[in-house]
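Just so we're on the same page: letters track the sequence lines, and every chain starts at 1.
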Protein chains: 2
Amino acid sequence: MPVELTPSQALGLWHAVSLAQVRVDSRDLTLRQMAILLQIYLVPPPHTVRGLAATLGVTKPVITRALDTMGALGLVDRVRDERDRRNVVIKRTVEGSLYLEKFGDLIINQGRNLPL
Amino acid sequence: MPVELTPSQALGLWHAVSLAQVRVDSRDLTLRQMAILLQIYLVPPPHTVRGLAATLGVTKPVITRALDTMGALGLVDRVRDERDRRNVVIKRTVEGSLYLEKFGDLIINQGRNLPL
DNA sequence: CACAAAAGAAACGCTTGCGTAACGATCGCC
DNA sequence: GGCGATCGTTACGCAAGCGTTTCTTTTGTG
């Protein structure tokens, strides 16, 4: 189910959401961190460092650092894969789900209130 | 003209756009920087450091630094206000317009290609 | 004219992120 | 059992961001 947007709506929506999010939450995630977070929560598991790095087109340390940061914020969790102990499986958290749920609501509301 | 989105569409759109932007452009603007940039380009001028700080709910140095960075990237320009030389007026640039135009297209295309 | 107020920048010490390169742990396979 | 390959992390030197405070320039007002 595609979403059809005009250029003005597209940028206007991004503008309104960015602004609202900045005002409401001092956590200033980079676009990369946001992409990682959404990938983890919207795409079926399992997620690994290597897989995320390939998906995002960035190096592994970038993923490691983002997981450090977002782990400290409680947004994600890391668990060693017992079947192949070289791997780390990235887990979702309750707090992360809540964070994205609120963020989704924000998008919906800002979209609804777009100026005509 | 409001945009009606389901929770899945809202987060899915943000996910797809973030991912595509990360892959296509190594410039990793923070959410704050993006909010500032969009504010400058979507809201009628003039824009000042003080005004942006108030709009974003952040301190003035945050704006100064963001303008430094984005100025170095060619996305914005600063000009002293000749009518009140304490002020600095933030100007749009051709490169900044291009950047946002491409970004808008990206949003539109990702919205159009959202999974059903 | 003097002087407080205002705008923006710069300074300070700190934190976080970067890319590259090196590292330890673990696996698969001969 | 040994050994190259793979996975994630750590180390390194550096760039950029943060909040707070201080400074410089300019304005307006008594």
Side-chain angles (χ1 to χ4, degrees), chain A residues 18-19 21-40 45-92, chain B residues 18-19 21-40 45-91 99:
Chain A
S18 303
L19 215 51
Q21 178 68 9
V22 164
R23 278 201 273 233
V24 97
D25 196 329
S26 64
R27 288 176 287 196
D28 187 30
L29 296 191
T30 69
L31 193 64
R32 284 177 170 185
Q33 292 171 334
M34 199 53 164
I36 295 171
L37 193 63
L38 285 163
Q39 179 75 16
I40 293 169
H47 296 289
T48 64
V49 173
R50 170 173 167 65
L52 291 173
T55 301
L56 282 264
V58 298
T59 61
K60 290 190 294 176
V62 165
I63 305 295
T64 295
R65 279 188 293 253
L67 294 179
D68 287 345
T69 304
M70 295 192 293
L73 295 175
L75 299 178
V76 299
D77 199 8
R78 270 187 279 206
V79 178
R80 194 49 78 182
D81 180 1
E82 286 305 328
R83 301 152 58 96
D84 182 343
R85 294 187 46 77
R86 287 173 304 180
N87 290 341
V88 161
V89 180
I90 292 107
K91 298 289 191 188
R92 302 168 185 169
Chain B
S18 302
L19 214 52
Q21 178 69 9
V22 165
R23 278 201 273 233
V24 97
D25 196 328
S26 64
R27 288 175 286 194
D28 187 30
L29 297 190
T30 68
L31 193 65
R32 284 177 170 187
Q33 292 172 333
M34 199 53 165
I36 294 170
L37 193 63
L38 286 164
Q39 180 75 17
I40 293 169
H47 296 289
T48 64
V49 172
R50 171 172 165 65
L52 291 172
T55 301
L56 281 267
V58 300
T59 60
K60 290 190 293 176
V62 166
I63 305 295
T64 294
R65 278 188 294 255
L67 294 180
D68 287 345
T69 304
M70 296 193 292
L73 295 175
L75 300 178
V76 298
D77 198 9
R78 269 188 279 205
V79 177
R80 205 29 91 183
D81 180 1
E82 285 306 325
R83 302 152 58 96
D84 182 342
R85 294 186 46 77
R86 288 173 302 183
N87 290 342
V88 160
V89 180
I90 292 108
K91 298 289 190 186
Y99 178 86

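Toward the 5′ end of DNA chain D lies the nearest nucleotide of Asp84(A), the other residue of the pair Asp68(A) and Asp84(A) mapping further downstream. Position along DNA chain C of the nearest nucleotide to Asn87(B) versus Val62(A) favours Asn87(B) as the more 5'-ward residue.
A donor-acceptor pair is defined here as one N or O able to donate and one able to accept, closer than 3.5 Å; no such pair exists between the side chain of Asp28(A) and the backbone of Thr30(B). Remark: side-chain polar atoms of Arg80(A) are paired, donor with acceptor, to backbone N or O of Arg86(A) under 3.5 angstrom. Judged by distance alone, with hydrogens and angles left aside, the side-chain atoms of Arg32(A) form no donor-acceptor pair with the main-chain N or O of Leu29(B) at under 3.5 Å.
At a threshold of 4.0 angstrom between heavy atoms, the contacts of Thr69(B) are confined to the sugar-phosphate backbone, with no base atom among them. Thr48(B) comes within 4.0 angstrom of sugar-phosphate atoms only, judged by non-hydrogen atoms across all strands, and of no base.
If you measure from atom CG of Leu52(A) to atom C1' of dT9(D), you get 15 Å, rounded to the nearest angstrom. Rounded to whole Å, the distance from CG on Asp25(A) to C1' on dC18(D) is 16 Å. Look at CD1 on Ile63(A): it is 14 Å from C1' on dC7(D), rounded to the nearest Å. Straight-line distance from the CZ atom of Arg78(B) to the P atom of dT25(D): 17 Å, rounded to whole Å. Distance Asp28(B) CG to dA16(D) P: 13 Å, rounded to the nearest Å. Atom NE2 in His47(B) sits about 13 Å away from atom P in dG8(C), given to the nearest Å.
At the phosphate of dC18(C), OP1 or OP2 sits under 4.0 Å from a side-chain N or O atom of Arg65(A). In this structure, Arg27(B) does not reach the dC18(C) phosphate: none of its side-chain N or O atoms is under 4.0 Å from OP1 or OP2. Considering only side-chain N and O atoms, Arg80(A) lies nowhere under 4.0 angstrom from the phosphate OP1 or OP2 of dC7(D). Contact between the side-chain N/O atoms of Gln33(A) and the OP1/OP2 oxygens of dG17(C) is found at a separation under 4.0 Å. Contact annotation: Thr64(A) reaches the phosphate of dT9(D) (side-chain N/O to OP1 or OP2, under 4.0 Å). OP1 or OP2 of dT25(D) has not a single side-chain nitrogen or oxygen of Arg86(B) nearer than 4.0 Å. For dC18(C), the OP1/OP2 oxygens have a side-chain nitrogen or oxygen of Arg32(A) closer than 4.0 Å.
With Leu31(A) as the fixed residue, the side-chain contact (heavy atoms from CB on, under 4.5 Å) test singles out one of Arg27(B), Met34(B), Gln33(B), Gln21(B): Gln21(B).
Within 6.0 Å of atom CZ in Arg92(A), more than 12 heavy atoms from other residues, nucleotides or ligands are found, so the atom counts as buried in its surroundings.
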